[in-house]
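All remarks here apply to the structure that follows.
Quick caveat, the model's predicted, so the values are computed rather than measured.
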Amino acid sequence: MAEDRWEREERYGRDLEKGKQPAPWNESVVISLPNADHELLVGSASEAVAVLRNSWSGSKSGPAYQAALTTCLEAMNGHLPGYMARLAFEEAAREAGVLR
């Protein structure tokens, strides 16, 4: 039986600003951005989108960045599983040299 919207919100919470699911990951991705004084733990597709849009130090025109952004947005909208977003974000972080 498919989950309805209420059950998904109850299970995963709700990103009030965007009205989208956070798509939590089983394991956080640890990154170290050059302009930050500490490592950052990214634990969901919504957190990854925020980092990619607001704090990303690598190229925003590369294929790994574009794939990560698209995949994370799709996971937030419930169109892809969270693990796919995590893998795409991890690859973008690796390519940008910020993966720890």
Side-chain angles (χ1 to χ4, degrees):
M1 185 171 136
E3 280 185 321
D4 66 14
R5 180 178 168 197
W6 180 84
E7 288 172 320
R8 283 192 309 273
E9 288 176 12
E10 199 58 30
R11 186 174 185 187
Y12 298 112
R14 186 176 171 110
D15 183 338
L16 296 177
E17 180 182 331
K18 305 278 186 208
K20 298 177 182 175
Q21 301 300 323
W25 299 338
N26 291 334
E27 184 178 343
S28 294
V29 175
V30 181
I31 62 173
S32 181
L33 298 174
N35 55 351
D37 59 350
H38 60 280
E39 291 182 332
L40 183 63
L41 299 175
V42 180
S44 70
S46 61
E47 290 176 8
V49 168
V51 169
L52 290 165
R53 286 184 170 165
N54 304 319
S55 308
W56 200 247
S57 60
S59 170
K60 291 186 175 186
S61 62
Y65 172 88
Q66 293 297 321
L69 184 59
T70 300
T71 304
C72 289
L73 288 169
E74 290 295 312
M76 284 174 57
N77 287 321
H79 300 295
L80 291 174
Y83 79 88
M84 291 181 73
R86 183 186 184 282
L87 291 173
F89 181 75
E90 194 172 63
E91 181 58 31
R94 183 178 294 109
E95 182 178 278
V98 299
L99 183 65
R100 295 292 165 240

What side-chain donor-acceptor pairs closer than 3.5 Å can you find for residues 90-100, not counting sequence neighbours?
unit_1 : atom_1 : unit_2 : atom_2 : d
Glu90  : OE2    : Arg86  : NH1    : 3.3
Glu91  : OE1    : Arg94  : NH1    : 2.9

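Proximity of Leu41 to Glu47: side-chain heavy atoms (C-beta onward) are nowhere separated by under 4.5 Å. The shortest distance between side-chain heavy atoms of Tyr83 and Asn26 does not fall below 4.5 Å.
Note that CG of Leu80 is 10.0 Å distant from OG1 of Thr70, once rounded to the nearest 0.5 Å.
The two residues Trp25 and Cys72 have their closest heavy-atom pair at CZ2-SG, 4.4 Å. The shortest heavy-atom contact between Ala85 and Ala45 is CB-CB, 4.2 Å. Taking all atoms of both residues into account, the shortest heavy-atom contact from Ala68 to Ala88 is CB-O, 3.5 Å. Heavy atoms only, all atoms of each residue included: Gly62 and Ser59 are closest at N-OG, 3.5 Å. Across Ser57 and Leu33, no two heavy atoms sit closer than the pair OG-CD2, 4.0 Å.
For the side chain to side chain contact (heavy atoms under 4.5 Å, CB included) with Phe89, the lone residue among Val49, Val51, Thr71 that qualifies is Val51.
Among residues two or more places apart in sequence or in another chain, the side chain to side chain contact (heavy atoms under 4.5 Å, CB included) test is passed with His79 by Glu74, Asn77.
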